[in-house]
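Contents: one structure, followed by commentary.
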Amino acid sequence: MKFNRIEDMDLDGKVVLTRVDLNVPTDDGKVTDTTRIDKIVPTVRAIQDAGGKVVLMAHFDRPKGKRVDGMSLEQIQPALEAALEQKVTFASEAVGGPAKRAVAAMQPGDVVLLENTRFYPGEESNDPTFAASLAALGEIYVNDAFSAAHRAHASTEGLAQLLPSAAGKLMEAELDALNAALGDPVRPVVAVVGGAKVSTKLDLLSNLIEKVDHLVIGGGMANTFLVAQGIEVGKSLAERDMAGTANDILAKAGETGCTIHLPTDVVVAREFKEGAASETVPADACPPDAMILDAGSETVQAISDVFASSKTLIWNGPLGAFEIAPFDNATNAAAQEAARLTREDKLTSVAGGGDTVAALNKAGVAGDFTFISTAGGAFLEWMEGKDLPGVAALADGRQ
Ligand code: ADP
Ligand code: MG
């Protein structure tokens, strides 16, 4: 996919309307985790280095089109100033007089933060009039909020129709990583899909079997595939009503030439709690009163072998109930193997998903993967092969 990068644009002396993700966790008006704020710093710096004036637009929480006390972006201003190490002017409205006055007073390098875009009904309805009021404030549009790109809102999609547009640094990193994983990957490609349920990942599985060479299925959803093959899984989490769907996926994979890898041995326990007694048994030998909570070591070895013979890995969903030891063993071991191959330049590894990011952090490998997406829903929709409106609008944007 082609899109403009900040370096492609002439930003000298221009007002750059920059959509970022500032939807950070707060407690009593104080930011408790600055990860998202820290991640926008390179984009702000790049615009400043090019001589631009940075006007930040973002949503916060779900005010549903009206001003809501406690959801003002003003509470983010101090954390933003700390991350940028400079003064940030807050505009008490995202459009109209206060916004115009704040922008008119800017010098190159200055940063203005506009009020929560979701205080205005035109944001989520992508109203052209609201988009035009935002566009009137600046000259160039930079979108750095991949995490909001699955929504066609005025600040994520509408503005790209009205102004010359480019991807910010974070958006650029996401798009480059996603393209390397599924858009135009070096083959063979292996996908790992784990997590709890088949029903929440049907679109994902259907898309992946058309695009990847190997699909490793793990976690609770593997149990559903075992059931579909007539295997008893005792008290395991399994969606028995999805057995037909699981068989359809297996059949379709046969047609598309995608090899599916299911667990051949599993870790079972009678209780899901820290220190519960567990044992490894063949995948078709789960005792009737036990549940499958992780993949066994033989399965992990098979997964490692697939990784070693692949050039690209895309991963969503843990291989077991990783929150409680020892059921994080398979996820940790496979993650460490992927990290090792990535460090040795043998594998491009991309992962995403709420629990997946937590599991990879827990495994201590987050820094070793080629890219870990924190975009949540947008990442999943992209993995499902869906068009993201915010990304599509950036494609072939004017300069
Ligand atoms: P993500 O948020 O990365 O998309 P999911 O939400 O789909 O991932 O799946 C994560 C959840 O799946 C975790 O809470 C984990 O405990 C659960 N899980 C994984 N394997 C099993 C299993 N064998 N039995 C029960 N739950 C499992
Ligand atoms: Mg989850």
Side-chain angles (χ1 to χ4, degrees), residues 147 150 178 181 191-205 207-208 215-228 231-240 242 246 261-274 276 278-281 283-287 289-297 299-300 303 313-335 338 349-363 365-366 369 371-384 386:
S147 55
H150 55 320
L178 301 188
V192 173
V193 179
K197 293 181 169 179
V198 171
S199 54
T200 60
K201 297 197 174 170
L202 271 181
D203 291 345
L204 184 61
L205 294 166
N207 184 45
L208 289 175
L215 176 59
V216 172
I217 298 179
M221 75 166 64
N223 302 339
T224 301
F225 281 85
L226 294 176
V227 168
I231 293 169
E232 282 307 320
V233 296
K235 293 205 157 64
S236 304
L237 171 70
E239 295 171 286
R240 291 169 195 281
M242 297 296 289
H261 302 265
L262 287 168
T264 55
D265 63 342
V266 291
V267 178
V268 300
R270 266 85 187 170
E271 294 171 291
F272 179 42
K273 65 170 204 207
E274 197 85 43
S278 61
E279 59 181 320
T280 302
V281 298
D284 61 358
C286 176
D289 61 342
M291 56 196 155
I292 300 171
L293 290 172
D294 199 13
S297 52
T299 303
V300 170
I303 293 172
L313 162 68
I314 176 136
W315 186 338
N316 168 259
L319 294 173
F322 75 100
E323 293 94 338
I324 294 185
F327 310 113
D328 56 348
N329 275 345
T331 303
N332 288 342
S349 51
V350 176
D355 291 290
T356 310
V357 175
L360 296 181
N361 279 329
K362 199 165 171 242
V365 301
F369 270 55
F371 189 77
I372 294 189
S373 174
T374 49
F379 175 83
L380 274 176
E381 287 198 22
W382 171 83
M383 254 185 108
E384 288 166 357
K386 295 184 180 143

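All ligand and atom numbering here is 1-based and tracks the order in the structure.
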| query | Do L360 and I372 come close enough that some side-chain heavy atom pair is under 4.5 Å? | reply | yes
| query | What distance separates S278 OG from D294 CG, expressed to the nearest 0.5 Å? | reply | 9.0 Å
| request: May I ask whether K197 places a heavy atom under 4.0 Å from ligand 1? | output: no
| said: Tell me the protein heavy atom at minimum distance from atom 11 (C) of ligand 1, and give that distance in Å. | reply: A196 N, 4.0 Å
| task | Sort by chain and number the protein N/O/S atoms that are closer than 2.8 Å to the Mg ion (ligand 2), and list them. | result | D355 OD2
| Shortest non-hydrogen contact from V233 toward N223 | CG1-O, 4.1 Å
| remark: Nearest non-hydrogen protein atom to atom 1 (P) of ligand 1, with distance, is D355 N, 3.6 Å
| Looking at L237, which atoms of ligand 1 are within less than 4.0 Å of one of its heavy atoms? | 25 (C), 26 (N)
| task | List the closest protein heavy-atom neighbour of atom 9 (O) of ligand 1: residue, atom name, distance to the nearest 0.1 Å. | result | G195 CA, 3.1 Å
| For atom 16 (O) of ligand 1, which candidate among M383, M291, E323 holds the nearest heavy atom? | E323
| query | What protein heavy atom is closest to atom 3 (O) of ligand 1, reported as residue, atom name and distance in Å? | reply | T356 OG1, 2.5 Å
| remark: Atoms of ligand 1 under 4.0 Å from any heavy atom of I292, numbered from 1 in the order shown, are 22 (C), 23 (N), 24 (N)
| Which residues pass the salt bridge (charged side-chain N to carboxylate O under 4.0 Å, His left out) test with D355, sequence neighbours left out? | none
| Any idea which heavy atoms bring I292 and C286 closest together, and the distance? | CG1-SG, 3.9 Å
| query | Do you know which two heavy atoms are closest between V268 and P287, and how far apart they sit? | reply | CG2-CD, 4.1 Å
| field | D265 (side chain) donor-acceptor with A283 (main chain) under 3.5 angstrom | value | no
| For G220, the ligand 1 atoms whose distance to one of its heavy atoms is below 4.0 Å | 19 (C), 20 (N), 21 (C), 22 (C), 23 (N)
| said: Salt bridge or not between E271 and K235? Use side-chain N to carboxylate O under 4.0 Å. | reply: no
| query | For ligand 1, which atoms, with element, lie under 4.0 Å from some heavy atom of G353? | reply | 3 (O)
| Non-hydrogen atoms of V300 and A334 that approach each other most closely | CG1-N, 4.5 Å
| In Å and rounded to the nearest 0.5 Å, what is the CH2 to CD1 distance from W382 to I314? | 4.0 Å
| Does a side chain donor of either N207 or K386 reach within less than 3.5 Å of an acceptor in the other side chain? | no
| Ignoring hydrogens and geometry, is there a side-chain-to-backbone donor-acceptor pair from T299 to T264 under 3.5 Å? | yes
| Tell me: protein heavy atom nearest atom 7 (O) of ligand 1, and distance? | K201 NZ, 2.7 Å
| query | Among P263, G320, G218, S236, which one has a heavy atom closest to atom 18 (N) of ligand 1? | reply | G320
